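To start, the structure under review is shown below, and the notes come after it.
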Amino acid sequence: MSPFLSANPHLRAANPLLADVEAVSRIDAVKTVLRVLTRTTGLRLAVVARVTPESWTCCAVLDEMGFGLKAGDTLAVSTTFCNTVRTLNGPLLVNHASVDPRFRDHPAPKMYNVESYIAVPLYRRNGEFFGVMCALDSKVANLSEDVLETFRHLGDLVGHQLEQEDALSDRDSQLLGAHEASVLREQLIGIVSHDLRNPLNAISLAAATLMRRTDLDDRARRGLRRILDSSDRANRLIRDLLDFTHVRTGMALPVKPQPMNLHELAEQVVDEVRLTAPGRTLVLVCEGSGRGTWDPDRIAQVLTNLLTNAVQYSAQDAHIRVETRGDEREVVLSVSNPGAPIPAALLPVLFEPMTRGTTAGSEHRSVGLGLFIVNEIIRAHGGAVDVVSTEEAGTTFRVHLPRGC
């Protein structure tokens, strides 16, 4: 049972800053950002809060631990770690609050059983303090200062969007002009692709360089491997977020078709996934001609996303089967895995953003963009993707690729 009550007695019903709550609710990217935070940190509650010297108001929340918080709820500001962020005017990282000399007497661990907490302040573009973006949990964490870098950049993104919402409210309009929309697209894409990818690439490069040393013991190598795996996962999340931003801001998903062999690409991707999922059985079957004109990087992204899903949602001893079969008109790529079927209610919306193919708990948490991106990539190639999922046969995703897009 969660140490947080499902109806938390400390939550207040009033929301005096309703305009700020509504402004945040109109920002589509916030939901994605909160999922990125929980997925990156492993913490189960992520919040964007409006914080003033007098009040704490929840503007957006992703609650996977049963705290009972919803948009518009308030807490006594003095009982929150967010108030500390406000007074410090800087980020805060707490891994074990109840034994941390700085916070063991703070109200948060006593009243809300908050043990781990990470946050950055949020500012509007004019420099005005808005509030806090944070992730927290009742469990003890082991987060490093490096994670704050990701928080800072995502906080900049949310702050910029808040400024856009303020401008929209001032003009009493829900639409940006064509020029403003173009500028916003460029800035958002720049934040995600440059400001977030650069520090992650630096982390990956440093860890890979250290792995080449011959004087490392097994424990050190395991730690470096975890760093590399985590940075790879974060890069995939950022890539999906970047693609999502492209689509949601009205731009076509970019593809660069060139002659290629799908059989050869599938073999390469399957080998790469085997390295990241040791002990899993992946079987590849290729038939007919695999030649066509597609974007190899994008098709590799499709197969990686589908294989990652298959690994996540099947048992450790399950056999995952990948097939590439060509005929005169098209090549069909399929990924199959046994296991519990996708719930029937999810099938019609499975390729929509923020949808996952399971109702399971946090062990299968994801941002929920993988299948959406798969569908958009295949559509950009003039193809289609479908899924069949039954108790007897398991789950099979089939991608139909015309030989020339």
Side-chain angles (χ1 to χ4, degrees), residues 189 193 232 235-248 250-277 280-314 319-337 342 347 350-353 357 369-389 393-405:
I189 291 169
S193 64
D232 286 345
N235 266 313
R236 289 196 296 271
L237 289 170
I238 291 169
R239 182 182 61 187
D240 285 350
L241 180 58
L242 178 60
D243 288 339
F244 176 72
T245 304
H246 269 283
V247 175
R248 290 301 289 265
M251 293 185 291
L253 201 63
V255 295
K256 299 177 181 178
Q258 63 186 61
M260 57 167 285
N261 189 320
L262 187 58
H263 296 337
E264 295 175 358
L265 180 70
E267 184 176 357
Q268 176 185 336
V269 173
V270 168
D271 285 343
E272 290 172 357
V273 174
R274 284 193 182 110
L275 291 176
T276 60
R280 302 306 300 268
T281 301
L282 277 67
V283 178
L284 173 62
V285 176
C286 302
E287 291 186 2
S289 172
R291 297 196 174 277
T293 304
W294 309 294
D295 184 328
D297 291 336
R298 288 298 191 179
I299 301 304
Q301 186 179 355
V302 166
L303 183 51
T304 299
N305 281 356
L306 293 178
L307 277 174
T308 300
N309 270 7
V311 169
Q312 271 193 333
Y313 301 129
S314 61
H319 286 215
I320 298 169
R321 184 178 178 88
V322 179
E323 297 182 3
T324 54
R325 300 182 183 274
D327 60 27
E328 293 182 1
R329 186 173 56 88
E330 66 177 9
V331 179
V332 177
L333 165 68
S334 65
V335 177
S336 305
N337 64 274
I342 299 170
L347 289 174
L350 194 59
F351 296 102
E352 294 182 7
L369 293 178
L371 293 178
F372 171 75
I373 299 303
V374 164
N375 193 44
E376 291 297 320
I377 291 173
I378 299 308
R379 287 178 60 192
H381 283 83
V385 56
D386 57 55
V387 58
V388 176
S389 187
T395 299
T396 298
F397 286 88
R398 289 189 179 88
V399 172
H400 300 265
L401 284 168
R403 289 195 181 272
C405 68

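Note that the structure is predicted; figures quoted are calculated from it, not measured.
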Of all pairs that satisfy side chain to side chain donor-acceptor pair (under 3.5 Å), the ones with a partner from residues 283-292, not counting sequence neighbours
Glu287-Arg325

After noting the C-alpha distance and the side-chain angles of Leu282 and Val322, does the key distance pass the side chain to side chain contact (heavy atoms under 4.5 Å, CB included) rule?
CA-CA 7 Å; Leu282 277 67; Val322 179; 5.6 Å; no

Check side-chain contact (heavy atoms from CB on, under 4.5 Å) between Ala384 and all other residues, then give those that pass, not counting sequence neighbours.
none

Side chain to side chain donor-acceptor pair (under 3.5 Å) partners of Thr308, counting only residues at least two apart
none

CZ on Phe372 to CD1 on Ile377, rounded to 0.5 Å:
10.5 Å

Test item: Ser389 side-chain N/O and Ile342 main-chain N/O as donor-acceptor pair under 3.5 Å:
yes

To check you understand the geometry: which heavy-atom pair defines the closest contact between Val311 and Arg280, and what is its length?
O-NH1, 3.0 Å

Checking Arg321 side chain against Ser334 main chain: does a donor-acceptor pair fall under 3.5 Å?
no

How many angstroms lie between atom CG of Asn375 and atom CG of Asp386, to the nearest 0.5 angstrom?
10.5 Å

Report yes or no: does His381 contribute a side-chain atom to a donor-acceptor pair with the main-chain N or O of Pro257 at less than 3.5 Å?
no

Rounded to the nearest 0.5 Å, what's the gap from OG1 on Thr324 to CG on Asn261? Could you check?
8.0 Å

When you look at Val388 and Arg398, which way does the side chain to side chain contact (heavy atoms under 4.5 Å, CB included) test go after all the steps?
CA-CA 8 Å; Val388 176; Arg398 289 189 179 88; 3.9 Å; yes

With salt bridge (Lys or Arg N to Asp or Glu O under 4.0 Å) as the rule and sequence neighbours excluded, what pairs involving residues 303-312 come up?
none

Do Val331 and Trp294 have side-chain heavy atoms sitting under 4.5 Å apart?
yes

Can you pull the salt bridge (Lys or Arg N to Asp or Glu O under 4.0 Å) pairs that have at least one residue in residues 259-272, sequence neighbours excluded?
Asp271-Arg274

Can you sort out the partners of Asp327 under side-chain contact (heavy atoms from CB on, under 4.5 Å), two or more places apart, ordered by chain and number?
Arg329, Glu330

Mind listing the closest non-hydrogen atom pair of Asn337 and Ser314 along with its distance?
ND2-CB, 3.8 Å

List the residues meeting side chain to side chain donor-acceptor pair (under 3.5 Å) with Thr396, not counting sequence neighbours, and say none if there are none.
Ser336

Listed partners of Val399 passing side-chain contact (heavy atoms from CB on, under 4.5 Å), at least two apart
Val302, Leu306, Leu333, Ile378, Val385, Leu401

For Asn305 and Gly370, work out which heavy atoms get closest and say how close.
ND2-O, 3.4 Å

Quick check: closest heavy atoms across Asp295 and Pro254, and the distance to 0.1 Å?
OD2-O, 4.5 Å

Smallest separation among heavy atoms of Pro296 and Met260, with atom names:
CA-SD, 3.7 Å

Partner residues of Asn309 under the side-chain contact (heavy atoms from CB on, under 4.5 Å) criterion, sequence neighbours left out
Gln312, Tyr313, Leu371

What is the minimum heavy-atom distance between Pro402 and Gly382, and which atoms define it?
CG-O, 3.3 Å

